[in-house]
Protein chains: 2
Amino acid sequence: MKDVDRLAKIFRALSNPNRLKIYSELLKSDQAKLDVGCGCPITDAVRSLKIGSPTVSHHVKELVNAELIIAERQGKFLVCRINPRTQDLARTLFG
Amino acid sequence: MKDVDRLAKIFRALSNPNRLKIYSELLKSDQAKLDVGCGCPITDAVRSLKIGSPTVSHHVKELVNAELIIAERQGKFLVCRINPRTQDLARTLFG
DNA sequence: TCGAAACTGTGACAATCGTCGAACTATGAG
DNA sequence: CTCATAGTTCGACGATTGTCACAGTTTCGA
């Protein structure tokens with residue numbers, strides 16, 4: 001896939017306010033480096049955003065698909081974290 | 001408008017490959033600082049992208065609406081340039 | 001003043017999106 | 001084993017999007 005298309009896909013994923021909120025929450029917790037147990041279980045997003053869990057699940061999948069985040073099941077929970085490579089790619093555009 | 005919504009709007013505008021191409025062409029010509037007469041008349045985009053002029057016109061309007069670019073009519077042509085403020089705002093997200 | 005060039009406006013259309021409710025699966029606690 | 005919690009899958013729905021063809025407007029050169 002060409003770079004412009006990867007970037008378009010990344011921006012598409014971030015173009016929905018709810019998805020953008022999920023992503024930027026993850027960015028915040030990433031900076032805070034609260035590694036233990038951190039990583040935004042989906043339930044948190046369901047509570048803070050006002051949308052149902054099927055929708056949140058769908059949004060998370062889109063963020064994963066755009067390679068913006070990495071999701072991993074830990075027991076009962078889904079733990080997500082930022083994908084730094086994609087973060088770098090996005091940074092390149094704006095200089 | 002809240003920051004997250006402004007950002008979402010910005011990303012929405014860049015989520016279409018053709019719009020992203022227009023924007024990044026402008027970024028390139030901005031860096032090159034070929035000020036004289038530069039600024040991407042829409043006809044160039046119509047030729048290089050393979051879409052009609054009504055569509056390009058529409059895309060440019062969306063970029064202007066997201067405040068990513070500034071468009072100004074100069075005689076027969078529409079001259080566009082990057083809006084550095086919005087560029088800065090977008091940069092903030094990725095650190 | 002006439003005509004071409006460079007856009008813009010409108011209305012249409014299929015395609016995609018965001019969200020939901022209902023039903024489902026997986027995990028851990030008791 | 002049973003139950004609650006966490007998340008997923010599915011099908012549906014209205015809303016939004018990207019593109020086009022066609023017709024209009026503005027500007028400049030001949």
Side-chain angles (χ1 to χ4, degrees), chain A residues 1-2 4-26 29 37-66 68-81, chain B residues 1-2 4-26 29 37-66 68-81:
Chain A
M1 184 154 56
K2 277 188 298 182
V4 68
D5 291 313
R6 282 198 60 198
L7 271 173
K9 194 173 171 184
I10 288 165
F11 293 137
R12 173 106 239 334
L14 295 175
S15 71
N16 175 276
N18 287 325
R19 268 191 315 257
L20 183 53
K21 275 171 205 155
I22 295 174
Y23 183 74
S24 68
E25 280 306 311
L26 280 173
S29 67
C38 166
C40 152
I42 289 199
T43 316
D44 291 359
V46 173
R47 282 196 205 97
S48 63
L49 314 177
K50 303 201 169 152
I51 55 184
S53 41
T55 307
V56 172
S57 186
H58 164 71
H59 283 329
V60 167
K61 233 189 308 182
E62 297 246 322
L63 289 170
V64 169
N65 187 249
L68 276 162
I69 69 174
I70 296 160
E72 190 185 353
R73 188 153 203 136
Q74 284 182 14
K76 242 194 332 185
F77 303 98
L78 190 74
V79 181
C80 305
R81 59 185 202 282
Chain B
M1 181 154 58
K2 276 188 299 185
V4 68
D5 292 313
R6 281 197 61 198
L7 271 174
K9 196 172 169 184
I10 288 166
F11 293 137
R12 169 108 241 331
L14 295 175
S15 70
N16 175 275
N18 287 325
R19 264 185 324 251
L20 183 54
K21 276 171 205 159
I22 294 172
Y23 183 74
S24 67
E25 280 305 312
L26 280 172
S29 68
C38 166
C40 153
I42 289 198
T43 316
D44 291 359
V46 174
R47 283 195 205 99
S48 62
L49 315 176
K50 302 200 171 154
I51 55 183
S53 40
T55 306
V56 172
S57 187
H58 164 69
H59 284 328
V60 168
K61 231 190 307 182
E62 297 247 321
L63 290 170
V64 169
N65 187 251
L68 276 162
I69 69 174
I70 296 159
E72 189 185 352
R73 187 151 205 137
Q74 283 183 12
K76 242 192 331 183
F77 302 97
L78 191 74
V79 181
C80 306
R81 58 185 203 280

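In what follows, every chain begins at residue 1, and chains take the letters A, B, ... in the order their sequences are listed.
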Atom CG of B/N65 to atom P of C/dT8: distance rounded to whole Å? 14 Å
Main-chain N/O of B/R12 paired to B/S15 side chain as donor or acceptor, under 3.5 Å: yes
Might you point out which heavy atoms bring A/A66 and A/I10 nearest each other, and give the distance in Å? O-CG1, 3.9 Å
So which heavy atom on B/V56 is nearest to which on B/A45, and how close? CG1-CB, 4.0 Å
Using a 4.5 Å cut-off on heavy atoms from C-beta on, say whether the side chain of B/V46 contacts that of B/T55. no
Summarise how protein sits on nucleotides 15-25 of chain C as a single string, 5' to 3': B when a protein heavy atom is under 4.0 Å from the base, S for sugar-phosphate-only contact, - for no contact. --SSBBBB---
The helix from C/dT1-D/dA30 to C/dG30-D/dC1: angle between its terminal axes, five pairs each, to 10°? 30°
Are the side chain of A/R47 and the backbone N or O of A/L49 linked by a donor-acceptor pair below 3.5 Å? no
For B/P17 and A/V4, the nearest pair of non-hydrogen atoms, with its separation, is O-CG2, 4.3 Å
Check whether any side-chain nitrogen or oxygen of A/K61 sits under 4.0 Å from OP1 or OP2 of D/dT9, and answer yes or no. yes
Protein-nucleotides 27-30 of chain C N/O pairs under 3.5 Å:
none

Let's go through B/H59 and B/I51 carefully: what are the C-alpha distance in whole Å and the side-chain angles of both, what is the deciding distance for side-chain contact (heavy atoms from CB on, under 4.5 Å) to 0.1 Å, and is it a yes or a no? CA-CA 11 Å; B/H59 284 328; B/I51 55 183; 3.9 Å; yes
What pair of heavy atoms forms the shortest contact from A/A13 to A/R19, and how long is it? O-NE, 2.7 Å
Nearest heavy-atom approach of B/V60 to B/C80 is CG1-SG, 4.3 Å
Rounding to an integer number of Å, can you tell me how far B/F77 CZ sits from C/dA4 C1'? 12 Å
Tell me the interatomic distance from A/E72, atom CD, to D/dA6, atom P, rounded to whole angstroms. 19 Å
Looking at every non-hydrogen atom in both residues, tell me the closest pair between B/A8 and A/N16 and how far apart they are. CB-C, 4.4 Å
